[in-house]
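Convention: sequence-line order gives letters A, B, ...; per-chain numbering from 1. For clarity, every value in this text was computed on a predicted model and none was experimentally measured.
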2 protein chains.
Amino acid sequence: MRAQNLDLDDGGAEQLSLSRPVLAVRVADALRELILEGKLAGGEKIREKELTELFGVSRTPLREAMKILASEGLIELIPNRGAVVSEPTASELADAFPILAALEGIAGAQAAERASDEEIAEICRLTENLRTSLEAHDRPGYFEINQAIHNAILAASRNETLRRTHATIARQVHRARYQANLSRDRWEKALSEHEQIAEALSRRDVERTSRLLSDHMMAKLSTVLQAPNRDAQPLA
Amino acid sequence: MRAQNLDLDDGGAEQLSLSRPVLAVRVADALRELILEGKLAGGEKIREKELTELFGVSRTPLREAMKILASEGLIELIPNRGAVVSEPTASELADAFPILAALEGIAGAQAAERASDEEIAEICRLTENLRTSLEAHDRPGYFEINQAIHNAILAASRNETLRRTHATIARQVHRARYQANLSRDRWEKALSEHEQIAEALSRRDVERTSRLLSDHMMAKLSTVLQAPNRDAQPLA
DNA sequence: GACAATAATTTTGAATTCATAATTCAATTC
DNA sequence: GAATTGAATTATGAATTCAAAATTATTGTC
């Protein structure tokens, strides 16, 4: 694996070059990405040396980044032994879903109240794309748009704490969700749920949007739990 | 302020002296405590030098601790300018309550399903103490027991992600909640709610325990929002 | 060849050091 | 006297260094 450039994408040419985030935060983002992509599998030991070389930074910002990921629950710090990538048990995974469902329920309610018409239109547009990618049997595309919709709803809720909390927990189940093999049947059903959600949101039906989103998330639980637990290829 | 001893309370004499947490985590705990106690007021700039002297550690673990608290939302990192203690706006505070309410609702439901009889008995016992402290007009005592009850319910839910998520968000509203001046009327009502919760939990009524806890939390929202925003005395 | 003891190496924890950016404050100008 | 410039000071960002712990390799023994 080649050394990565952590400077990328500062948001473009802003006047006066707004101060970029501290290095540790950028390293944390990059490291989080590695874990979510499965490049660092669950249970795997984190080697500081390897990662400092990969990122081209010294151990100080890397170790700070590790503290951040640990506080998010993505890795576990073991005194005098470094850290390992967390490997949630099936029951821990299952426990995350009611939380996610509740958070999405709140997001739906607040989005129905607070979203701009443009935001709702965008969510509807994404939902249409969702159907397109299902019909094209484009699994990765579907997954990506699906995630974009959920993120858009979270953003439209205008509740930053909610957005951040959701992101933290969603990451923990991210790998498992990605690996879950949607049956054709479940896939169609999920799309239909999404279309109902978009419709309820368009009518700004607070109660229904909330309930549909919450139920939608709980429906994913069973799908995920019965998925095999193969992991992506390891690093280097 | 005197230098603090971060070694305190390792849990007692465990065989083989279980490895203590990494220093950065202990510093983070201590620093978090300072913020929650109001010793470091919202908006206040964090001076590394001052804190390294207070804790008797070097800048490295302190800065790692700061990264942890930043990821919890308790402080904000400003590149090249250090960090400041977060000062949630009223609307951010208000946004946190539906989240807390939902989390407590889940906790109630799962506690009703999963708690041991001993845990439920303990929660009932604490609820009785709550009445005692109300009748003694012991505000700090009431506040402490109240918190112990909520923590006990979270623990009884046997959902570690839930417990951790709740803790993170609860901290953000902690200061505000502490400062909220309960009216006598609201105080009595809150106690009655707690007694209902303990009763529902004893009967392991999942639905009712969940709803009561959720409503109880939302009831606190208005109390907090109308509280004056005076802060505790600053550090040193 | 299996095992235990111990020496060498590697890895981690934390302090220190160095470079750079921000702040302060006096000197200067208008 | 207020505003501005620029040097001096201070604080922060990140690499390096040093010490301690853990891991691995080696040797010796049975």
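- B:Leu77 comes within 4.0 angstrom of nothing in the nucleic acid, heavy atoms only.
- We find that NZ of B:Lys49 is positioned 18 Å from P of C:dT23, with the value rounded to whole Å.
- Rounded to whole angstrom, the span from the CZ atom of B:Arg81 across to the C1' atom of C:dA22 amounts to 7 Å.
- Atom-to-atom, CG of B:Asn80 to C1' of C:dA21 comes out at 5 Å; the value is rounded to the nearest Å.
- Between C:dT23 and B:Lys45, no contact under 4.0 Å exists linking OP1 or OP2 to a side-chain N or O.
- The separation between B:Arg59 atom CZ and C:dC18 atom P is 14 Å, rounded to whole Å.
- For the pair B:Glu53 CD and C:dA15 C1', the computed distance is 15 Å after rounding to whole Å.
- Between the P atom of D:dG13 and the CD1 atom of B:Ile46 lies a distance of 12 Å, rounded to the nearest Å.
- Within a heavy-atom distance below 4.0 Å of DNA chain C, the residues of residues 61-73 of chain A found are A:Arg63.
- Along DNA chain C, the nucleotide nearest to B:Thr60 and the one nearest to B:Arg47 differ in position, and the one closer to the 5' end is contacted by B:Thr60.
- Classified by interplanar angle (parallel below 30°, tilted 30° to 60°, perpendicular above 60°), the ring pair A:Phe143/A:His174 is perpendicular.
- Ring geometry for B:His150 against B:His216 counts as parallel: the plane angle stays under 30°, on a 0 to 90° scale with 60° as the upper cut.
- We find that B:Glu53 and B:Lys49 are joined by a salt bridge, their nearest charged nitrogen and carboxylate oxygen being less than 4.0 Å apart.
- Atom CD1 in A:Ile75 sits about 14 Å away from atom C1' in C:dT12, given to the nearest Å.
- Take B:Glu72 and apply the salt bridge (Lys or Arg N to Asp or Glu O under 4.0 Å) test, not counting sequence neighbours, and it matches B:Arg32, B:Arg171.
- The residues A:Glu119 and A:Arg158 are annotated as salt-bridged, a charged nitrogen and a carboxylate oxygen being separated by less than 4.0 angstrom.
- Note: CD (B:Glu48) to P (C:dT23) measures 14 Å, nearest angstrom.
- For the pair A:Glu160 and A:Arg163, the salt-bridge criterion is met [side-chain N within less than 4.0 Å of a carboxylate O].
- Under the 4.0 Å criterion applied to side-chain N and carboxylate O atoms, B:Glu122 and B:Arg125 are assigned as salt-bridge partners.
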